[in-house]
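Please read the structure below before turning to the comments.
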Amino acid sequence: MIPVLDLVDITKVYGDGDSIVRALDGVSLTVNTGDYLAIMGASGSGKSTLMNIIGALDVATAGQYHLDGIDINTLDEDALSIVRNRKIGFIFQSFNLIPRTTALANVELPLSYRGVKRGERRERAKEALAAVGLSDRMHHRPNELSGGQQQRVAVARALVAQPSLLLADEPTGNLDSRATADVLKLLDEMHDQGRTIVMITHETEVAQHADRVIVLMDGRISEDRLNR
Amino acid sequence: MNLLESFRSGLQAILANRLRSGLTMLGIMIGVAAVIVLVAFGQGASNAVTGSIEGLGTNLITVFPGAAGGSQSDASLAVKDLTVDDAVALNDQVLSPDISAAAPTKRARVTCTFGALSHSTAMVGSWPAYFEISNSAVSEGGYFTNADEVDGRRVAVIGKTVADDLFTDTDPIGKEMICDGVPFTVLGVLVEKGASGFGDQDDTIIAPLTTVRNHLTGNGSLDTIAVQASSSQTQAQAQVQLSSVLDDRHGVDVETRDYQIFNQASLLATVNQAVGIFTALLGAVAGISLLVGGIGITNIMLVSVTERTREIGIRKAIGASRRVILLQFLIESTVLSLIGAFFGLVLAFLVTRVEVAGIQPTIVPASVLGAFAISVGIGLFFGSYPANRAASLRPIEALRHE
């Protein structure tokens with residue numbers, strides 16, 4: 001079986017000459033379908049860089065990265081945007097919903113970039129919003145929703161296109177404890193349904209929800225353990 | 001994402017910033033309105049001048065006595081009068097086949113009275129053919145005849161202004177008015193021609209030449225000979241034939257000619273050319289304001305791209321390609337420009353309803369289409385730089401933007 005994520009010796013270097021920074025220094029990682037992985041690390045450990053590379057938002061300087069068997073390093077920007085659309089569902093710390101646009105329209109967006117017809121798109125977006133318990137809020141704009149609700153809309157948006165990988169970057173960083181519990185419960189449910197999740201966090205309690213935790217330090221994996 | 005949806009989202013983005021979008025549209029609106037209105041005024045002016053020149057007659061060539069320009073100072077040249085015989089000669093179908101009619105005219109300034117009312121105007125003495133040559137048809141009554149002319153009967157056909165002033169509510173047909181002491185029976189009233197750059201064309205009286213000469217002016221030189229070419233295509237030949245007949249009769253050549261020719265067609269062409277240049281200049285000035293409006297679009301779209309950097313980052317992260325982002329901003333700027341153009345059109349329609357200095361502006365359909373096409377072009381052209389900037393933003397940097 002092809003792993004969802006297959007990173008071999010991934011290195012990312014910023015700058016040149018004397019001011020060279022090795023954000024990632026030979027990271028190798030395999031994530032299989034249905035895995036729930038937490039990436040931890042102090043700030044500056046390289047976890048944001050790793051998240052950008054896994055999310056196909058950035059390309060590694062060296063090493064190989066296959067997502068669902070696709071060699072990401074060889075793709076140009078337009079091909080990367082297609083990969084992001086088809087293979088990855090993003091959940092961000094600051095929700096990153098499109099302002100002045102209803103929850104429903106936000107959830108429809110990945111489908112519309114994929115060329116799904118309006119009627120079907122609307123149907124699937126409604127289903128996704130129902131799955132995160134926001135059927136009654138779908139015509140609200142982001143500024144009319146609480147943080148927890150916004151993040152649930154973001155989860156619905158990440159899920160609606162049925163991606164291979166759910167990529168969550170500090171998904172609870174801007175939430176209070178109750179909303180945090182809600183979102184983590186939602187992610188647990190997704191995991192139970194067989195979704196592959198990679199979550200970046202610096203909170204140990206949050207990382208507890210994952211099956212497997214890796215810890216980054218100075219651009220290398222310093223710890224790789226299984227929970228439970 | 002299809003085009004219709006892109007339009008809808010473009011419209012949404014524009015509505016999200018109503019004041020800013022409105023002010024930007026104002027630039028395009030003023031530009032488009034200026035182009036349409038100024039071209040409409042040019043067209044209106046051209047129509048007015050053309051109308052009044054055509055009102056003088058159909059395929060009209062007028063001959064005046066006296067030499068043209070500087071040669072007049074040459075005292076050795078005897079200037080011959082234009083005579084009735086000249087007019088008779090011009091009616092010769094063998095020598096001048098392309099002249100369909102020629103009629104001598106003699107003008108008299110007269111004051112006419114009817115009852116207690118009086119009216120001063122110019123009375124034109126001529127032949128019955130003059131009615132057709134000068135485009136003067138009667139709306140009521142009839143014309144005078146050749147017999148009236150030969151016998152010098154005191155009859156006349158009056159213009160609408162004269163009829164209104166002198167006869168007010170009474171039917172002028174058959175009534176007798178006194179002009180400078182001479183009684184004239186009114187035979188008919190002319191069709192209204194309207195005011196023009198040449199004054200009120202309805203303020204006229206047409207009477208038989210013999211009558212006017214006998215009673216009012218005496219037998220001096222004619223004022224003009226009005227000549228009608230057989231068609232607009234034969235005007236040039238008609239003019240050549242006219243010159244050759246008159247040169248022969250007066251014993252002159254091109255150098256020593258003692259009469260002048262006024263050709264309606266060449267006047268029309270000259271005037272239209274001048275008006276055309278004028279209109280083009282006005283349009284160009286208006287075009288500059290459209291350009292300024294376009295720069296306003298670039299400006300506001302750049303602000304919009306900067307403001308929405310994060311949104312662009314989000315869209316790219318969830319799979320919008322460069323093309324989609326480019327299209328989104330291009331459509332936004334084009335919609336902005338088109339809405340501005342639409343309001344500009346509305347404004348232009350309102351403004352051109354007003355008559356200014358006797359000119360009724362006429363909207364030229366091509367200028368409306370042109371203004372719309374240009375505003376789409378402006379939206380695309382002036383939106384392309386900001387849109388490109390948005391499309392080439394790197395997603396990770398755009399996402400980090402606060």
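Naming: A, B, ... by sequence-line order, numbering from 1 per chain.
- At a 4.5 Å heavy-atom cutoff, A/Arg86 makes no contact with chain B through either its backbone or its side chain.
- In this view, B/Lys316 and A/Glu77 satisfy the salt bridge (charged side-chain N to carboxylate O under 4.0 Å, His left out) rule, not counting sequence neighbours.
- Within a 6.0 Å radius of CG in A/Asn143, more than 12 heavy atoms belonging to other residues, nucleotides or ligands are found.
- The shortest distance between side-chain heavy atoms of A/Leu57 and B/Arg394 does not fall below 4.5 Å.
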Audit row: B/Arg315, A/Leu109, side-chain contact (heavy atoms from CB on, under 4.5 Å) steps and yes/no: CA-CA 8 Å; B/Arg315 287 180 184 273; A/Leu109 209 54; 3.7 Å; yes
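- Residues satisfying the salt bridge (charged side-chain N to carboxylate O under 4.0 Å, His left out) criterion with A/Lys126, sequence neighbours excluded, are absent altogether.
- Scanning residues 278-312 of chain B against chain A with a 4.5 Å non-hydrogen threshold yields B/Arg308, B/Arg310, B/Glu311, sorted by number.
- Using a 4.5 Å cut-off on side-chain heavy atoms (C-beta onward), B/Ile318 and A/Arg84 make no contact.
- The two residues B/Ala317 and A/Phe92 come nearest to each other via the heavy atoms CB-CZ, 4.0 Å.
- Neither the backbone nor the side chain of A/Ile88 comes within contact range of chain B; no heavy atoms are under 4.5 Å apart.
- Taking the side chain as every heavy atom from C-beta outward, B/Arg323 and A/Asp78 never approach each other to under 4.5 Å.
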Could you list the donor-acceptor pairs under 3.5 angstrom formed by side chains in residues 21-30 of chain B, with sequence neighbours left out?
from	atom 1	to	atom 2	distance (Å)
B/Ser21	OG	B/Ile14	O	2.8
B/Ser21	OG	B/Asn17	O	2.8
B/Thr24	OG1	B/Arg20	O	2.8

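- Under a cut-off of 6.0 angstrom, the local environment of CG in B/Asn272 is crowded, with over 12 non-hydrogen atoms contributed by other residues, nucleotides or ligands.
- In this structure, OG on B/Ser321 lies 12.0 Å from CG on A/Leu80, to the nearest 0.5 angstrom.
- By the 6.0 Å contact criterion, CZ on B/Phe372 is enclosed, its count of non-hydrogen atoms from other residues, nucleotides or ligands being greater than 12.
- Summarising the geometry, atom OG belonging to A/Ser48 is positioned 8.0 Å from atom CZ belonging to B/Arg400; distances are rounded to the nearest 0.5 Å.
- Distance CD1/A/Ile98 to CD/B/Gln12: 11.5 Å, rounded to 0.5 Å.
- For the pair A/Asn96 (side chain) and B/Ile314 (backbone), a donor-acceptor distance under 3.5 Å is absent.
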